[in-house]
Number of protein chains: 2
Amino acid sequence: MCKSCGCSSRSRNFGNIERFVEPCILLLLSKENSMHGYGLLKGLEEHCGEKVDIGNLYRTLRRMEAIEWVKSEWNENDAGPDRRTYTITKEGSEYLEIAAQSLTNTDKLLHKFLDGYRNMNQNNKTL
Amino acid sequence: MCKSCGCSSRSRNFGNIERFVEPCILLLLSKENSMHGYGLLKGLEEHCGEKVDIGNLYRTLRRMEAIEWVKSEWNENDAGPDRRTYTITKEGSEYLEIAAQSLTNTDKLLHKFLDGYRNMNQNNKTL
DNA sequence: ACACATATATGTTAATATCATATACCTAAT
DNA sequence: ATTAGGTATATGATATTAACATATATGTGT
């Protein structure tokens, strides 16, 4: 049973935007200047409406650092475990722009579908 | 190098809506009553703006038939190879409605991001 | 001593998208 | 004749991702 929409598919996913969390992270880092992973977790849910798997988040952050969209450094934390603090890089900012363009296109596709769907329903009602 | 946006990621994908082709197929079948796979290929590109991999399309159609969102029958074709003609089922129509709701939500997420992105650029300009 | 929130990270697995390839029919040109 | 090209359906291989589980460790409150 599909988790996203409750449909009869045995899939776990439907309608997710692939790797959407990456531009969301970059946008948050652009606004907040620097954040640690656990803080991003909450920020993403509040600010971006993204529910994020914690394991997925940390792995994504390591991946993003590997390709130099973000950089990180360890900071001591008296109130708990030490934190790795992330900052966006120039490459990250460039990618954010590209991603925003790409997602604008995704948005157009979505609207084409949703308009088509509403249009169909409208026609059915007038029959 | 990412095909979708040209970014430095080694990924093949970014910004794709997962299994978006399924509701698109169902919408087309709702409007056209019945179509064969090869016809859907062209219809999806024109009507839905979806570029579809042909292998992916046929595999998706078989999957959708297995879970009974569509049904098919073979039709003879004098002008070429025989065709499997697909029709949407009641379950398929129900799923289309659910998918449309789910995608409306996806759309909201996207807008939240895009608004946030534009907002950030606006603030940067006024600095 | 124990539970709990904070904080980071890895192992495993199923599903998906992409690319390549295979098969077969019909028409038109060489 | 046979080759090329459009139509039509389908499968094999592979990389990537998302989801879920689990591990580790620190500080606070009971």
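The shown structure was predicted, so the numbers you read here are calculated from the model rather than taken from an experiment. In what follows, chains carry the letters A, B, and so on, assigned in the order in which the sequence lines appear, proteins first and then strands, with residues in each chain numbered from 1.
- When each of B:G55 and A:D78 is assigned the nucleotide of DNA chain D bearing its nearest heavy atom, the one mapping closer to the 5' terminus is B:G55.
- A salt bridge does not link B:E50 with A:K112: none of the charged nitrogens is closer than 4.0 Å to a carboxylate oxygen.
- Candidate nucleotides D:dA19, D:dA18, C:dT6 were compared by shortest atom distance to the side chain of A:K42, and C:dT6 ranks first.
- Listed nucleotides: D:dA18, D:dA25, D:dC20. Nearest to the side chain of A:R19: D:dA18.
- Proximity note for B:D53 (side chain, C-beta onward) versus D:dA8, C:dT18, D:dT17: the nearest is C:dT18.
- Residue B:Y38 contributes atom OH, which lies 14 Å from atom C1' of C:dA24 at whole-angstrom precision.
- Which of C:dA17, D:dA18, C:dA7 sits closest to the side chain of A:N77 comes down to C:dA7.
- Sequence order on DNA chain D of the closest nucleotides to A:G80 and A:R59 puts A:R59 first from the 5' end.
- Nucleic acid contact for B:I54: base, since at least one base atom lies under 4.0 Å from a heavy atom of the residue.
- In this structure, A:T87 and A:S72 have side chains that are not in contact, with every pair of non-hydrogen atoms separated by 4.5 Å or more.
- The closest donor-acceptor contact from the side chain of B:T106 to the backbone of A:G15 lies under 3.5 Å.
- Closest to the A:Y58 side chain, of the nucleotides D:dA19, C:dT8, C:dT16, is C:dT8.
- Minimum atom distance to the side chain of B:R83 is reached by D:dA8, of the listed D:dA25, D:dA8, C:dT8.
- Side chain of B:R62, nearest nucleotide from D:dC20, C:dT8, D:dA10: D:dA10.
- Atom CH2 of A:W74 and atom C1' of C:dA7 are 8 Å apart (whole Å).
- Look at B:E45 and B:K42 and you find no salt bridge, because none of the NZ, NE, NH1 or NH2 atoms lies under 4.0 Å from a carboxylate O.
- What separates CZ of A:F14 from P of D:dA18 is a distance of 16 Å, to the nearest Å.
- In the set D:dA25, D:dA19, C:dT8, C:dT8 carries the atom at the smallest distance from any side-chain atom of A:H36.
- Remark: P of D:dA18 and CD1 of A:I17 are 11 Å apart, rounded to the nearest angstrom.
- Without hydrogens or angle criteria, B:T60 side chain to B:N56 main chain gives a donor-acceptor distance under 3.5 Å.
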